[in-house]
Amino acid sequence: QVHVVESGGGLVQAGGSLRLSCAASGSIFKINAMGWYRQAIGKQRELVATVTSGGRSNYADSVKGRFTISSDNAKNTVYLQMNSLQPEDTAVYYCNANVIRETLGSASFSYWGQGTQVTVSS
């Protein structure tokens, strides 16, 4: 099976920084992409940032210039450096990994972590 585990959330003051980590493990032949999504209370889950195995990244407009996504392909790990955090960034942040399974040929599947809480105080 494929497992996705996030870490690094916490409580910070407005203007502060956090670095989230996400590691994918298990029966993985290849990771196509990994990314971060977030869901605030009363809102739908939204894309924050994604990066492909080839290094292409994209960001939500709301975090451009403040957040940076990076990856370590050898470790099947993705990071999200969050700077200049604001109260509106408060949410549960979820990691997603889109992978090709070792035993399932070229078919790709997405797997979600359990989330890590980020709280930004004003």
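On a predicted model such as this, the values are computed, not experimentally measured, just so you know.
- Residues D72 and V78 have side chains not in contact (no heavy-atom distance under 4.5 Å, counting atoms from C-beta outward).
- Pairing each heavy atom of V4 with each of A97, the nearest pair is CG2-CB, 4.0 Å.
- Smallest separation of non-hydrogen atoms from N96 and S110: ND2-CB, 3.6 Å.
- One finds the CG atom of N32 at 4.5 Å from the CG atom of N98 (value rounded to the nearest 0.5 Å).
- Annotation: cation-pi geometry not satisfied between R101 and F109 (NZ/CZ under 6.0 angstrom from ring centroid, within 45° of ring axis).
- For A91, the side-chain contact (heavy atoms from CB on, under 4.5 Å) partners are R38, A40, Y93, not counting sequence neighbours.
- When all heavy atoms are compared, the tightest approach of T116 to G9 is OG1-N, 3.1 Å.
- Aromatic rings of W112 and Y37 (six-membered ring for Trp) have centroids within the 6.0 Å cut-off, being under it.
- A donor-acceptor pair shorter than 3.5 Å can be found between the side chains of S17 and N83.
- With 3.5 Å as the limit, one finds no donor-acceptor pair spanning the side chains of E88 and T90.
- Applying the disulfide bond (SG atoms under 2.5 Å apart) definition to pairs two or more places apart or across chains, those involving residues 58-110 are C22-C95.
- Closest of all the heavy-atom pairs between S71 and V51 is CB-CG1, 4.1 Å.
- Pairing each heavy atom of I69 with each of Y59, the nearest pair is N-OH, 2.9 Å.
- The shortest heavy-atom contact between M34 and A24 is CE-CB, 4.1 Å.
- Annotation: side chain of Y111 is not in contact with side chain of H3 (no heavy-atom distance under 4.5 Å).
- Interatomic distance, T68 OG1 to M82 CE, rounded to the nearest 0.5 Å: 11.0 Å.
- Legend: residues meeting salt bridge (charged side-chain N to carboxylate O under 4.0 Å, His left out) with R66, ordered by chain and number and at least two apart, are D89.
- Once rounded to the nearest 0.5 Å, the distance linking CG of L20 with CZ of F67 reads 8.0 Å.
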